[in-house]
Amino acid sequence: MISTRVVATAGYVPEQIISNDDLSKIVDTTDEWITQRTGIKERHISAGENTSVLVTNVAKKLLERASVSAEEIDLIIVASVTQDYGTPSLACMIQKEIGAVHAVAFDVIAACSGFMFALSTADKYIKSGGYKNAIVIGGETLSKIVDWTDRATCVLFGDGAGGAYVEASGEAGIIREDIGSAGDQYEILTEGYTECANAFNDKESSIHPKWYVNMNGREVFKFATKNVAKSIKKVLEEEQITQDQIKYFVPHQANVRIVEVVSKKLGIPFEKFYINMDRFGNTSSASIPMALNEMNEKGMLEAGDLVVLSGFGGGMTWGTMLIRW
Ligand code: ACO
């Protein structure tokens, strides 16, 4: 049976680092408030590099680390809510930059669960037998859709990209998944709204207030703690394994308090959850692959380890995946 294995990972963040103290100079906030409520201390913010630049850097590193040529790539899937253009997709822009002339390339949108949805899609293509490998990336420049006058949201997000090169294999890789959507709750977290205005109707063009991230923080918190816990539990139960068999849980890096609640609900020691939101903030679809890549670069993962990736996001959506390293 064909399985999909993660062969290489990579990440990229823009150079500029913004601390909580830096933010306190532009909005009425403090390092103490942000740290206590979210666990975030600093984030990287792009000084002009658009999302395509971030994700292309990741793609180039993946080719190098996996020792494959661009011409050999069958599939490129990018998850993002901050694309450079409505069209082309970021995946097609990567295709051009790296010269992956034989690849099928497209983007998926599932907000902070985006990487999970993209990886799940790549897994299905590979298991179909028609595709032998894929580059899967989550990348965001959330700084361009954040209202920098809104202290309730601007302190939460950061820019970055992360990804994985995956390949068809005879050995188990992606073992089990649980992904889902709850569109009935879409209004609790939105961004990028564009009004249906046109010159014919003589509407004045301006950025609609809902272009920026709009969030009911408390409802998102409730959604996340409930669904992430439920989804991880489901995957473990269906695979008939217990949490002690899992080496690490890699959660979406939105808020450390969400992870603490999930850890308590499931009786999983907090130390088993990898946390890097203190240094990167919430990078939406990039957060899980960036975390996974950091762990990989630190040598925390050994062949055969079981790892659980789990995220939630706008839509609303969630996704959990059990993988053997
Ligand atoms: N600095 C200081 N005070 C602030 C700030 C800030 N940056 N932001 C909000 N406040 C104030 C509010 O104005 C409010 O003041 P008031 O009581 O005088 O009205 C007070 O703090 C409490 O505000 P709440 O929004 O109720 O604060 P809460 O404890 O819920 O924390 C937070 C807000 C951190 C966003 C929380 O709701 C949360 O963690 N939600 C989960 C959502 C999340 O993590 N989203 C990330 C993006 S979504 C995703 O990744 C899918």
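Both counts, for ligands and for their atoms, begin at 1 and track the order of listing. As the structure is a prediction and not an experimental result, all values here were calculated from the model. Positions are given from 1, in the same order as the sequence printed here.
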J.: Which residue, Val308, Val307, Asp123, forms the side chain to side chain contact (heavy atoms under 4.5 Å, CB included) with Ile323?
T.: Val307
J.: Taking only residues two or more places apart in sequence, or in another chain, which ones meet Tyr248 in a side chain to side chain contact (heavy atoms under 4.5 Å, CB included)?
T.: Met295, Met300, Leu301
J.: Any atoms of ligand 1 less than 4.0 Å from a non-hydrogen atom of Val155? List them with their elements.
T.: 7 (N)
J.: Nearest to atom 45 (N) of ligand 1, what protein heavy atom do you find, and at what distance?
T.: Met215 SD, 3.2 Å
J.: Using a strict cut-off of 4.0 Å, indicate which atoms of ligand 1 neighbour a heavy atom of Ala254.
T.: 44 (O), 50 (O)
J.: Please determine if Glu297 and Arg65 form a salt bridge, counting it only when a charged side-chain N lies under 4.0 Å from a carboxylate O.
T.: yes
J.: Please list the nearest protein heavy atom to atom 36 (C) of ligand 1 with its residue and the distance rounded to 0.1 Å.
T.: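 It is Arg257 NH2, 3.8 Å.
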J.: Quick test: of every protein heavy atom, which one is nearest to atom 27 (O) of ligand 1, and how far off is it to 0.1 Å?
T.: Arg37 NH1, 3.3 Å
J.: As an exercise, identify every atom of ligand 1 less than 4.0 angstrom from a heavy atom of Gly313.
T.: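 Under 4.0 Å from Gly313, ligand 1 has these atoms: 51 (C).
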J.: Less than 4.0 Å between atom 30 (O) of ligand 1 and some protein heavy atom, yes or no?
T.: yes
J.: Does Lys233, at its NZ atom, have more than 12 non-hydrogen atoms belonging to other residues, nucleotides or ligands within less than 6.0 Å?
T.: no
J.: Any side-chain heavy atom of Thr121 sitting closer than 4.5 Å to one from Phe106?
T.: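 In short, these two side chains touch, coming nearer than 4.5 Å.
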J.: Using a strict threshold of under 4.0 Å (side-chain N to carboxylate O), is an ion pair present between Lys61 and Glu64?
T.: no
J.: Under the 4.0 Å line, does any protein heavy atom show up next to atom 19 (O) of ligand 1?
T.: no
J.: Starting from atom 49 (C) of ligand 1, what is the nearest protein heavy atom, named by residue and atom, and what distance separates them?
T.: Cys112 SG, 3.3 Å
J.: Run down the list Val256, Asn255, Val213, Thr153 and name the one with the heavy atom closest to atom 34 (C) of ligand 1.
T.: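 The nearest heavy atom belongs to Asn255.
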J.: How close does the nearest protein non-hydrogen atom get to atom 33 (C) of ligand 1, and which residue and atom is it?
T.: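 Answer, as residue, atom name and distance: Trp33 CH2, 3.9 Å.
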J.: Is any side-chain heavy atom of Val136 closer than 4.5 Å to one of Phe115?
T.: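 Yes - at least one pair of side-chain heavy atoms lies under 4.5 Å apart.
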J.: With a cut-off of 4.0 Å, which atoms of ligand 1 are near a heavy atom of Phe312?
T.: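 With Phe312 as reference, the close atoms of ligand 1 come out as 49 (C), 51 (C).
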J.: Hey, quick one: are Leu266 and Leu309 part of the same hydrophobic cluster, counting side-chain heavy atoms closer than 4.5 Å, chains of contacts allowed?
T.: no
J.: Considering only the protein, which heavy-atom contact is closest to atom 50 (O) of ligand 1, and what is its distance?
T.: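 Result for atom 50 (O) of ligand 1: Asn282 ND2, 2.6 Å.
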J.: For the hydrophobic clusters of this structure (ILVMFWY residues joined by side-chain heavy atoms under 4.5 Å, transitively), does one cluster hold both Val68 and Ile126?
T.: no
J.: Pull out every atom of ligand 1 sitting under 4.0 Å from any heavy atom of Phe157, numbered as shown with elements.
T.: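 Listed by number with element, the hits are 47 (C).
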J.: Under 4.0 Å between a Lys/Arg side-chain N and an Asp/Glu carboxylate O for Asp74 and Lys132?
T.: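 Yes, Asp74 and Lys132 are salt-bridged.
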J.: Distance under 4.0 Å to a non-hydrogen atom of Arg218: what atoms of ligand 1 satisfy this?
T.: 26 (O), 30 (O), 37 (O)
J.: Would you say atom 16 (P) of ligand 1 touches the protein, meaning some protein heavy atom is under 4.0 Å from it?
T.: no
J.: With His252 as reference, evaluate Ile258, Asn282, Val259 under the side chain to side chain contact (heavy atoms under 4.5 Å, CB included) test and give the passing residue.
T.: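 For His252, the side chain to side chain contact (heavy atoms under 4.5 Å, CB included) test succeeds with only one of Ile258, Asn282, Val259, which is Asn282.
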J.: Quiz question for you: does at least one protein heavy atom lie closer than 4.0 Å to atom 41 (C) of ligand 1?
T.: yes
J.: When you group the ILVMFWY residues by side-chain heavy-atom contacts below 4.5 Å and let the links chain together, are Val13 and Phe157 in the same group?
T.: no
J.: Nearest to atom 48 (S) of ligand 1, what protein heavy atom do you find, and at what distance?
T.: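 Its nearest protein heavy-atom neighbour is Leu189 CD2, 3.5 Å.
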J.: Atom 11 (C) of ligand 1: which protein heavy atom is closest, and how many Å away?
T.: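 It is Arg151 NH2, 3.5 Å.
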J.: Pull out every atom of ligand 1 sitting under 4.0 Å from any heavy atom of Thr29, numbered as shown with elements.
T.: 1 (N), 2 (C), 6 (C), 7 (N)
J.: Flag atom 25 (O) of ligand 1 as yes if some protein heavy-atom distance to it falls below 4.0 Å, otherwise no.
T.: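 No, there is no protein heavy atom closer to it than 4.0 Å.
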